[in-house]
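Contents: one structure, followed by commentary.
Just so it is clear, the structure is predicted and the values come from calculations on it, not from any experiment. Order of the sequence lines fixes the chain letters, A, B, ..., with proteins taken first and strands second; residue numbering starts at 1 for each chain. Every heavy atom of this structure was used, including side-chain atoms; hydrogens, water molecules and symmetry mates were not.
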Amino acid sequence: MPEGHSIHRLARQFTSVFAGQQLSVSSPQGRFAAGAARLDGQTLVAATAHGKQLFLEFDNELFLRIHLGLYGAFDFGGDETFRGASSIGAPRRVGERELADDDGGRGTYAGPPPPKGAVRVRLVAEHGWADLRGPTACEVMTPGEQRAALAKLGPDPLQPNADSEEFVRRLTTRGSPVGLLLMNQEVLAGVGNVYRAEVLFRQRLSPWRTGKALCSEQALELWNDVVSVMGDGVAAGRIVTTRQEHRGDRGVPVPTGEAHYVYKRQGLPCRICGCEVAMTEMAARKLYWCPACQQE
DNA sequence: GGAAAATGATTAT
DNA sequence: TAATCCTTTTCCG
């Protein structure tokens, strides 16, 4: 259940662990058998993320495009070498899982375990493996198709060279509510339901303000906040948007109940003003906000 | 054992 | 706006 920060962590994980390696690619579940056959035995050139899309580039010039959707997830496992290389950074969560300990902890790794459940794709290298379940999209693409897929997406705040001015243009020229625009991947690639609600709160913006009703300074501040808070998400492997001064518990790690201002907090008091956090549906997704702090 | 929910997106009506 | 797809986990009986 990932937003863009999870996908960037996955790209990093794949690069550090599988780049330059020849991979066995299979589809234990069978639904991706034909695609897997086109990639099987190829070497991974690079793993990149744009928004919520993950691209694995192989040296026969084909790309594997993966979109996890609501509940897609990767499992990783392998020997000591693999785990040493893949445990860089903070503990991972959300769209990823803990590394499987399938060598008995004694260096007796003998390959991946029998697949459990519906494994769409299994990628196996010499020292480790990855299993993908439940993705919305999993398809092989040519370079031209990959470029076309990229071209449909707005700027990704997690890319260092992202074009913030392009985001400002796309946001402030549209008449739909900013609560919808933030979820629109043509406007901004990578934000999902949690970051939408949290960033709007942090900026004290009503979800019903239209893009056109925002000035470019407000839009840029919104962008900068997304960059900051999603960057933290990449580092931590979870979404924490509350500032320390707004938490009762100042401990580390931040308790689950203190991580958000409004997301899934309907009926609870706003951390700033004490009013009840509200919830409604916007475009079939649950939207959380503070009616007092985020007025039109 | 079964239903519901979940950090998503596309397609049809 | 509604239906549909994909899978696991959690909660309820």
What's the gap between [N] and [M] when it is taken at their [atom1] atoms, as a whole Å value?
{"N": "C:dT8", "M": "B:dT10", "atom1": "P", "answer": "23 Å"}
{"N": "B:dT7", "M": "C:dC11", "atom1": "P", "answer": "15 Å"}
{"N": "C:dT9", "M": "B:dA9", "atom1": "P", "answer": "22 Å"}

Please determine whether a side-chain nitrogen or oxygen atom of [X] lies at a distance below 4.0 Å from atom OP1 or OP2 of [N].
{"X": "A:K116", "N": "C:dT8", "result": "no"}
{"X": "A:R120", "N": "C:dC6", "result": "no"}
{"X": "A:R31", "N": "C:dC6", "result": "yes"}

- So, are A:E166 and A:R170 salt-bridged, with charged N and O less than 4.0 Å apart? yes
- Would you mind checking if A:K116 and A:D75 are paired as a salt bridge, meaning a charged N to carboxylate O distance below 4.0 Å? no
- Has A:E61 got more than 12 heavy atoms of other residues, nucleotides or ligands less than 6.0 Å from its CD? no
Expressed in angstrom and rounded to an integer, what is the separation of [X] atom [atom1] from [N] atom [atom2]?
{"X": "A:L287", "N": "B:dG8", "atom1": "CG", "atom2": "C1'", "answer": "16 Å"}
{"X": "A:M282", "N": "B:dT7", "atom1": "CE", "atom2": "C1'", "answer": "17 Å"}
{"X": "A:Q266", "N": "B:dA5", "atom1": "CD", "atom2": "P", "answer": "12 Å"}
{"X": "A:R133", "N": "C:dT7", "atom1": "CZ", "atom2": "C1'", "answer": "9 Å"}
{"X": "A:M279", "N": "B:dT7", "atom1": "CE", "atom2": "P", "answer": "10 Å"}
{"X": "A:E3", "N": "B:dG8", "atom1": "CD", "atom2": "C1'", "answer": "10 Å"}
{"X": "A:L188", "N": "B:dG8", "atom1": "CG", "atom2": "C1'", "answer": "15 Å"}
{"X": "A:Y71", "N": "B:dA4", "atom1": "OH", "atom2": "P", "answer": "15 Å"}

Show each protein N/O and nucleotides 9-13 of chain B N/O combination with a separation under 3.5 Å, one pair to a line.
{"unit_1": "B:dA9", "atom_1": "OP1", "unit_2": "A:K52", "atom_2": "NZ", "d": "3.4"}
{"unit_1": "B:dA9", "atom_1": "OP1", "unit_2": "A:H67", "atom_2": "NE2", "d": "3.4"}
{"unit_1": "B:dA9", "atom_1": "OP2", "unit_2": "A:K52", "atom_2": "NZ", "d": "3.0"}

- Nearest of C:dT8, B:dA6, C:dC5 to any side-chain atom of A:Y263? B:dA6
Distance only, no hydrogens: is a donor on one side chain within 3.5 Å (strictly under) of an acceptor on the other, for [X] and [Y]?
{"X": "A:T242", "Y": "A:R247", "result": "yes"}
{"X": "A:D232", "Y": "A:H5", "result": "no"}
{"X": "A:Q146", "Y": "A:R65", "result": "no"}

Answer yes or no: is there a donor N or O on one side and an acceptor on the other, between the side chain of [X] and the main chain of [Y], under 3.5 Å?
{"X": "A:R147", "Y": "A:A151", "answer": "no"}
{"X": "A:N193", "Y": "A:K286", "answer": "yes"}
{"X": "A:Q185", "Y": "A:V191", "answer": "yes"}

- Query: Within the structure shown, what part of the strands sits under 4.0 Å from A:K152 by heavy-atom distance: base, sugar-phosphate, or nothing?
  - Reply: nothing
- Task: Give, ordered by number, those residues of residues 222-233 of chain A having at least one heavy-atom distance below 4.0 Å to an atom of DNA chain B; if nothing qualifies, reply none.
- Result: none
- Message: Running the 4.5 Å side-chain criterion over Ile, Leu, Val, Met, Phe, Trp and Tyr, what cluster does A:V252 land in, apart from itself?
- Response: none
